[in-house]
Protein chains: 2
Amino acid sequence: MLDLAILGLLFEQEMHGYEIRRRLRDELGLFANISFGSLYPALSKLERAGAVAVTSEGPSGAGSMIPSTGSLSGERAGLRARRAAAPLAASKRSRKVYRITDEGRIRFEQLLAGEEVDDARSFGLRLAFARHLPPTARLALLERRRAQLTRRLATDLARASGERLDIYTRSLVEHSTESTEHDIAWLDRLIDAERQGSSPVRSEPSSDPRHETPQHQTQ
Amino acid sequence: MLDLAILGLLFEQEMHGYEIRRRLRDELGLFANISFGSLYPALSKLERAGAVAVTSEGPSGAGSMIPSTGSLSGERAGLRARRAAAPLAASKRSRKVYRITDEGRIRFEQLLAGEEVDDARSFGLRLAFARHLPPTARLALLERRRAQLTRRLATDLARASGERLDIYTRSLVEHSTESTEHDIAWLDRLIDAERQGSSPVRSEPSSDPRHETPQHQTQ
DNA sequence: ATTCGATGTATCAACCCGATACATCGAAAT
DNA sequence: ATTTCGATGTATCGGGTTGATACATCGAAT
């Protein structure tokens with residue numbers, strides 16, 4: 001679902017459609033080049049459903065209020081218009097800034113915790129917003145994905161060993177098998193880290209307090 | 001395109017829709033579970049375009065063609081009444097066996113040599129039928145794909161190093177980068193093998209003539 | 001001064017997927 | 001023996017995705 005991606009981005013801060021596409025491409029990397037033919041209908045549908053609301057003006061803070069948004073989107077606006085000639089006025093083009101509603105937040109958490117973790121995209125999207133999940137659901141997501149990949153690995157191995165294939169198809173199947181094994185090993189590392197990080201309840205809080213300094217920390 | 005997959009399978013031997021789906025799933029592994037909502041419209045479209053033709057009977061060869069006379073018109077009516085008519089031909093269910101035409105073979109080679117090698121599926125499909133390509137086009141296909149992955153790797157690396165991401169998104173991006181590197185290494189092996197196997201024009205034909213013995217050899 | 005590319009919203013045809021319906025058949029379960 | 005169940009087989013429908021296209025404004029380079 002594309003709805004999850006939209007709501008997840010709007011969960012952090014309000015923005016317009018083009019910006020949603022840009023972030024999906026540049027930051028997440030998922031939905032490599034999401035089409036506007038998908039994005040705008042999805043936004044309209046979410047608006048009709050009451051999950052998002054449009055605040056028809058106010059691109060990038062515009063200096064009226066909010067010092068926080070100024071710092072957040074500042075690095076983005078900086079490289080876009082680094083001339084600093086007239087940063088206050090900005091552009092008054094036709095742009096519809098979307099904002100998530102309370103209903104949309106509920107919908108977001110429903111989608112994020114949903115059971116349908118079929119494809120790689122859907123899983124990657126959920127993982128990108130996994131910080132909004134409680135640790136239990138986060139672990140469940142990882143293990144669900146791992147089980148899926150294990151099933152796929154079994155069929156891949158059966159196909160690689162049993163059939164008689166030409167060299168190109170065989171190489172394709174073998175490479176697919178290796179990739180799946182690689183994915184499973186990655187998931188195992190994530191699962192381990194998740195188990196390690198959640199159960200030890202900071203036994204020595206004074207010794208080494210969090211030298212990782214995670215940037216986004218929502219809870 | 002799904003047309004390429006269909007024509008590629010029919011290129012080897014004629015079969016019906018359900019069988020096409022089964023082979024795509026069990027042998028190729030691409031289009032993991034292709035939907036009938038895609039397959040049957042695609043077959044109809046190919047039939048309208050003259051790329052395939054339907055030979056309304058003949059499951060698994062089963063004793064030459066056998067015009068079967070009246071069953072052509074009454075294939076629908078016959079299936080509910082006929083029981084003991086043909087013990088050799090096995091089931092007389094409603095099945096439409098498709099066969100590729102000369103026009104379809106031309107279309108197949110056009111699609112196979114086409115330049116649009118965007119996604120992984122399209123490339124995997126072409127590679128699965130790469131034995132039908134001349135060595136030059138085969139090498140070009142591999143190198144086109146490698147160039148795409150190299151471009152993607154560059155953007156992935158930029159994303160991984162530049163932005164400040166939470167741990168899950170960062171892990172996702174890093175894993176994606178590793179996967180892309182893995183894919184490139186695989187392509188390099190394929191390209192090397194392709195260069196090794198094509199350029200040496202059997203200088204010693206008597207010494208060690210091709211101990212690989214590929215199973216399918218269509219040309 | 002004009003071209004060019006990025007930004008921004010929007011729509012369309014074609015395509016693909018998941019679900020569903022209908023129908024036949026072989027085999028296991030009751 | 002009959003029912004149930006799963007595999008085989010063709011087909012359609014709604015909804016979501018894509019790629020292309022259109023239109024428009026703006027900043028910057030030629």
Side-chain angles (χ1 to χ4, degrees), chain A residues 1-6 15-26 30-49 54 56-57 59-60 76-77 79-87 89-98 116 118-119 121-122 125, chain B residues 1-6 15-26 30-49 54 56-57 59-60 75-84 87 89-98 116 118-119 121-122 125:
Chain A
M1 281 306 200
L2 180 56
D3 296 6
L4 177 60
I6 294 174
M15 62 188 80
H16 50 237
Y18 200 88
E19 175 90 0
I20 290 176
R21 177 186 146 100
R22 195 192 58 76
R23 296 224 178 186
L24 245 39
R25 170 169 44 82
D26 292 349
L30 284 319
F31 292 92
N33 262 352
I34 187 67
S35 171
F36 292 120
S38 312
L39 182 57
Y40 287 119
L43 279 171
S44 301
K45 191 183 55 127
L46 286 174
E47 189 184 359
R48 281 197 308 272
V54 52
S56 296
E57 194 53 40
S60 70
R76 275 290 155 201
L79 58 90
R80 190 159 51 228
R82 71 180 67 226
R83 285 295 136 241
S91 60
K92 284 291 183 186
R93 268 209 300 265
S94 70
R95 41 159 60 175
K96 296 166 73 172
V97 176
Y98 289 93
E116 319 83 32
D118 308 303
D119 42 10
R121 282 233 297 247
S122 162
L125 201 53
Chain B
M1 282 305 203
L2 180 56
D3 296 7
L4 177 60
I6 294 174
M15 62 186 82
H16 49 237
Y18 200 88
E19 174 92 0
I20 290 176
R21 176 186 147 101
R22 194 191 59 76
R23 295 222 179 187
L24 245 38
R25 171 169 41 83
D26 293 348
L30 284 317
F31 293 93
N33 260 353
I34 187 66
S35 172
F36 292 120
S38 313
L39 182 57
Y40 287 118
L43 279 172
S44 302
K45 191 186 54 131
L46 286 174
E47 189 184 0
R48 279 197 307 274
V54 51
S56 297
E57 192 52 42
S60 72
E75 63 176 1
R76 269 292 177 186
L79 61 88
R80 78 168 60 96
R82 290 292 183 272
R83 165 149 299 267
S91 62
K92 283 285 187 186
R93 269 210 297 266
S94 71
R95 39 160 61 175
K96 296 166 72 173
V97 175
Y98 289 93
E116 319 84 29
D118 308 312
D119 43 8
R121 282 234 296 247
S122 162
L125 202 52

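Residue numbers start from 1 in every chain, and the chains themselves are labelled A, B, ... in the order their sequence lines are given, proteins ahead of strands. Keep in mind that this is a model prediction, so the values were computed, not measured.
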**Prompt:** Quick one: on DNA chain C, does B:Phe36 or A:Pro41 contact a more 5' nucleotide (nearest heavy atom)?
**Reply:** A:Pro41
**Prompt:** Between A:Gly17 and B:Asp3, which is nearer to the 5' end of DNA chain C once each is assigned its nearest nucleotide?
**Reply:** A:Gly17
**Prompt:** Say you draw a straight line from CG of A:Leu2 to CG of A:Leu125; how long is it, rounded to the nearest 0.5 Å?
**Reply:** 8.5 Å
Measure the distance from [atom1] on [X] to [atom2] on [N] and round it to the nearest whole Å.
X	N	atom1	atom2	answer
A:His16	C:dT7	NE2	P	9 Å
A:Leu4	D:dG16	CG	P	15 Å
B:Ile20	D:dT8	CD1	C1'	15 Å
A:Ile6	C:dT9	CD1	P	12 Å
A:Ile34	D:dT17	CD1	C1'	7 Å
B:Tyr18	C:dA23	OH	P	18 Å
B:Arg23	D:dT8	CZ	P	14 Å
A:Leu39	D:dT18	CG	P	10 Å

**Request:** Answer yes or no: is there a donor N or O on one side and an acceptor on the other, between the side chain of A:Arg25 and the main chain of A:Ile34, under 3.5 Å?
**Result:** no
Minimum-distance nucleotide to [X] side chain [options: [options]]:
X	options	answer
B:Lys96	D:dG16, D:dT10, C:dT9	D:dT10
B:Tyr40	C:dA10, D:dA7, D:dA11	D:dA11
B:Leu2	D:dA11, C:dC16, C:dT9	C:dC16

**CA sep, side-chain torsions, deciding dist, call: B:Leu39, B:Ile6, side chain to side chain contact (heavy atoms under 4.5 Å, CB included)** = CA-CA 8 Å; B:Leu39 182 57; B:Ile6 294 174; 3.8 Å; yes
**Prompt:** Closer than 4.0 Å, any side-chain N/O of A:Lys45 to the OP1 or OP2 of D:dG15?
**Reply:** no
**Asked** With respect to the phosphate group of C:dC17, does any side-chain polar atom (N or O) of B:Arg121 fall under 4.0 Å of OP1 or OP2?
**Response** yes
**Request:** Determine, step by step, whether B:His16 and B:Val54 satisfy the side chain to side chain contact (heavy atoms under 4.5 Å, CB included) criterion, reporting the C-alpha distance in whole Å, the side-chain angles of both residues, the deciding distance to 0.1 Å, and the verdict.
**Result:** CA-CA 9 Å; B:His16 49 237; B:Val54 51; over 6 Å; no
**Request:** Report which part of the nucleic acid A:Gly37 touches: base, sugar-phosphate, or nothing (heavy-atom distance under 4.0 Å, all strands).
**Result:** base
**Message:** Once you apply a heavy-atom cut-off of 4.0 Å, does B:Arg21 come out as touching a base, just sugar-phosphate, or nothing?
**Reply:** nothing
**Asked** How far apart are the closest heavy atoms of B:Pro41 and B:Phe36, and which atoms are they?
**Response** CD-O, 3.5 Å
**Message:** Can you say whether a donor on the side chain of B:Ser35 sits under 3.5 Å from an acceptor on the base of C:dG18, or the other way round?
**Reply:** yes
